[in-house]
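Working notes, beginning with the structure itself.
Atom set for the values below is all heavy atoms of this structure, side chains included, hydrogens, waters and symmetry mates excluded. If you're wondering where the values come from, they're calculated on a predicted model, not measured in any experiment. Naming convention: chains lettered A, B, ... in sequence-line order (proteins, then strands); numbering from 1 in each chain.
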Amino acid sequence: MPELPEVEVVRRGLSRWVAGRTIAQAEVLHARAIRRHVPGAAEFAGRLAGRTLVSAERRGKYLWMPLGDPESASGAGSGSSEALLAHLGMSGQLLVVEPGSPVEKHLRVRLSFDDDGPELRFVDQRTFGHLLVAPLAPLGRPVPEPIVHIAADPLEEAFDDEVFAVRLSVRQTEIKRALLDQSLISGVGNIYADEALWRARLHGRTPTRALSRRKTGELLAAVREVMGEALGQGGTSFDSLYVNVNGESGYFDRSLNVYGRQGEPCARCGGPVLREAFMNRSSYSCPRCQPLVGS
DNA sequence: ACGGGCCCCTGTTGGC
DNA sequence: TGCCAACAGGGGCCCG
C-alpha cells in the first residue's frame with residue numbers, strides 16, 4: 001500500500017496489535033523480500049529471534065519497529081539501536097493473523113511471537129516491497145540509517161514548509177516530479193499528487209521556479225487536506241491489495257476527484273478529466289481547472 | 001542536476 | 001473463447 005495514508009493505517013494496526021510483543025521466530029519464504037538486508041535471510045532471522053518490537057513508526061511510505069530486549073521492554077526507547085524496517089512497494093501487506101490460518105499465496109516473511117498470539121505476515125504479490133533490519137541513526141528523531149536521505153513527510157512536525165519552498169524554488173523541475181521526489185517531501189505518490197494538484201488548481205508540469213511562496217503554501221495545505229481525509233476513511237483501495245493489518249479496505253477511492261476518472265466530469269467545472277502518460281505512469285487532471293501557467 | 005528509459009515482479013483488464 | 005498488450009498505488013540505476 002503505497003502512499004502515506006495507507007501506510008499510516010498499517011502503522012496504527014502494528015502499534016495496536018504487534019508493539020510490545022516478543023518475536024519467537026522469523027521465517028523468510030522468499031529471498032527477494034529481504035534483498036536489501038545484505039547479510040542475508042539466515043542473519044535476518046537470527047537477528048530478530050527473541051527481540052521485542054517496541055513501537056511502530058513511520059516516515060513517508062516507510063515503516064519501522066525499533067527492536068528491544070524482553071527484560072528492558074518496559075523501559076522502551078532507552079537502548080534501542082536498530083529496527084525492523086519495511087517498505088510495502090506496490091503490493092506489500094503486513095497482516096496480523098491467527099497462527100493456524102491458511103498460508104497466503106504470496107506470503108514472503110512470517111514472524112511468530114512468544115505469546116502464541118497472532119502472527120505478523122508480510123504478503124507481497126509483486127515483490128517490490130522489502131524488509132530489513134537496520135541501525136537507527138542517532139541524530140534528531142531516531143530514523144533507520146537506510147532512510148536518512150528521505151525528507152520528512154508533510155504530517156510530521158519536523159516538516160519545514162519554508163525549507164520546502166526554498167528547495168522547490170531552486171530546483172529546475174516540474175511540480176509533480178517534485179511532489180514525487182521523496183528527498184524533497186516524502187509520502188506523496190501518484191494518487192495524492194494528482195489529487196492535491198487538482199485541489200490547488202495547479203498543472204503538474206508547472207515549473208517549480210514559477211511557484212510563489214503563497215501557491216506552495218496552498219499546495220501543501222491541499223496535500224495535508226487530502227491525506228487527512230483519506231486517513232479518516234481508512235485510505236484508498238481499488239481492490240483487496242490495499243488493506244489494513246486485519247485485511248480490511250479503506251474507501252477513500254469514492255472521494256477521489258481525478259485519479260482514475262478519465263473522461264468523467266470534473267467535480268468543480270464539469271469538464272472531462274484528462275489522462276496523460278507521465279513518468280511511465282498516468283497523470284489525471286482537469287485541463288480547465290488546472291491550466292499550465294508560468295512556463 | 002535533471003529527464004528518460006529501463007528494470008525489478010505478478011496479476012488483471014480490455015481490445016481484437 | 002483465447003491471446004496479448006497495456007497497465008497497476010513503489011523505487012533504483014544507468015546514461016546522456
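Closest to the A:R177 side chain, of the nucleotides B:dG3, B:dG11, C:dG9, is B:dG3. In the set B:dT10, C:dG10, B:dC2, C:dG10 carries the atom at the smallest distance from any side-chain atom of A:H87. The A:M90 side chain lies nearest to C:dA8 when the options are B:dG3, C:dA8, C:dG12. Minimum atom distance to the side chain of A:T236 is reached by C:dG9, of the listed B:dC6, B:dT10, C:dG9. Picking from B:dT10, C:dG9, B:dC8 the nucleotide with the shortest atom distance to the side chain of A:R32 gives B:dC8. For A:R275, counting side-chain heavy atoms from C-beta on, the closest listed nucleotide (C:dG12, C:dG9, C:dA8) is C:dA8. Considering only the side chain of A:T127, B:dC9 comes nearest among C:dG11, C:dG12, B:dC9.
On the P atoms, B:dG11 is 22 Å away from C:dG11, given to the nearest whole Å. A distance of about 15 Å separates the P atoms of B:dG5 and C:dA6, rounded to the whole Å. Comparing C:dA5 with B:dC6, their P atoms are spaced 16 Å from each other, to the whole Å.
Comment: A:R199 does not engage A:E218 in a salt bridge, judged by the lack of any side-chain N to carboxylate O separation of less than 4.0 angstrom. In this structure, A:E6 does not pair ionically with A:K61, as no charged nitrogen and carboxylate oxygen lie closer than 4.0 Å.
Rounding to whole angstrom units, CG of residue A:L4 and P of C:dG10 are separated by 12 Å. Atom CZ of A:R126 is separated from atom P of B:dC8 by 13 Å (rounded to the nearest Å). As a whole-Å value, the separation of A:E174 CD from B:dA1 P is 18 Å. What separates CD of A:Q125 from C1' of B:dT13 is a distance of 13 Å, to the nearest Å.
The aromatic rings of A:H87 and A:H130 sit parallel, their planes meeting at an angle under 30°, below the 60° perpendicular limit.
Note on A:D239: a base of the nucleic acid sits closer than 4.0 angstrom, heavy atoms only. At a threshold of 4.0 angstrom between heavy atoms, the contacts of A:S282 are confined to the sugar-phosphate backbone, with no base atom among them. Residue A:R35 is out of contact with every strand shown, counting any heavy-atom pair closer than 4.0 Å. When heavy atoms are screened at a 4.0 angstrom cut-off, A:F238 is found touching base atoms of the nucleic acid. Nucleic acid contact for A:Q172: sugar-phosphate only, since backbone atoms but no base atoms lie under 4.0 Å from a heavy atom of the residue.
If you run side chain to side chain donor-acceptor pair (under 3.5 Å) between A:S283 and each of A:E276, A:K176, A:R205, only A:K176 comes through.
An OP1 or OP2 oxygen of B:dC9 is reached within less than 4.0 angstrom by no side-chain nitrogen or oxygen of A:H106. At B:dG11, one or more side-chain N or O atoms of A:K105 fall inside 4.0 Å of OP1 or OP2 (strictly under the cut-off). For C:dG9, the OP1/OP2 oxygens have no side-chain nitrogen or oxygen of A:K61 closer than 4.0 Å. The shortest distance between the side-chain N/O atoms of A:N280 and the OP1/OP2 oxygens of B:dG5 is not below 4.0 Å.
Judged by distance alone, the side chains of A:R275 and A:S282 do bring a donor and an acceptor atom under 3.5 Å apart.
Looking at A:R281, its side chain has no donor and acceptor atom pair within 3.5 Å of the base of C:dA8.
Of the possible polar contacts, none joining the A:Q262 side chain to the A:G260 backbone as a donor-acceptor pair under 3.5 Å is found.
By the 5.5 Å and 30° criteria, A:F128 is stacked with the base of B:dC8.
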